[in-house]
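Report on one structure; see the data block that follows.
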Amino acid sequence: SFRVYPNPVTTTVNFDYILATGASVMLDIYSMLGEKITVLYNDKQSEGQHHVQWDVKGKVASGLYSYHLQIGQSQKTGLFIVQ
């Protein structure tokens, strides 16, 4: 299970996910031009529920951004709006 909220974002965006087993996790944010904005997480995590939070206020302009979550060999990408 994976959840990104709120969307659209005004101050803080949350990424919640559950790992069935321990794995290497990397969560990156990209602009729509493909520029890497930030690496929110890059480390090993144990099995269970995890929460990563990013405060966007004053860090990025309003617009559309993508996230790229890699857990082991599996990848998930999606979009969110910063207002």
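Keep in mind that the numbers below use all heavy atoms, side chains included, and drop hydrogens, waters and symmetry copies.
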Extract all donor-acceptor atom pairs below 3.5 Å that involve side chains of residues 68-77 and protein atoms in other chains or at least two apart in sequence.
{"residue": "His68", "atom": "NE2", "partner": "Gln75", "partner atom": "OE1", "Å": "3.1"}
{"residue": "Gln70", "atom": "NE2", "partner": "Gly72", "partner atom": "O", "Å": "3.2"}

Do the side chains of [Y] and [X] get nearer than 4.5 Å, heavy atoms only?
X	Y	result
Phe15	Phe2	yes
Tyr67	Leu27	yes
Tyr65	Val60	yes

All pairs passing ring pair (Phe, Tyr, Trp, His ring centres under 6.0 Å) where residues 30-63 contributes a residue, at least two apart: Tyr17-His50
With Lys57 via side chain to side chain contact (heavy atoms under 4.5 Å, CB included) - residues at least two apart: Thr11, Asp55
Partner residues of Ile81 under the side chain to side chain contact (heavy atoms under 4.5 Å, CB included) criterion, sequence neighbours left out: Asn7, Pro8, Leu64, Gln83
Sequence neighbours excluded - salt bridge (Lys or Arg N to Asp or Glu O under 4.0 Å) pairs with any residue from residues 13-34: Asp28-Lys36
Identified side chain to side chain contact (heavy atoms under 4.5 Å, CB included) partner of Val25 from the options Leu19, Leu40, Asp43: Leu19
Minimal non-hydrogen separation, Ser66 against Leu79, with atom names: CB-CD2, 3.7 Å
side-chain hydrogen bond (donor to acceptor under 3.5 Å, both in side chains) involving Gln53 - partner list, sequence neighbours excluded: Asn14
Nonpolar side-chain network containing Leu33, other nodes, edges under 4.5 Å: none
CD1-NZ distance between Ile37 and Lys59, expressed to the nearest 0.5 angstrom: 12.5 Å
Residue list, ring-ring contact (aromatic ring centres under 6.0 Å, His included) with Phe80, at least two apart or on another chain: none
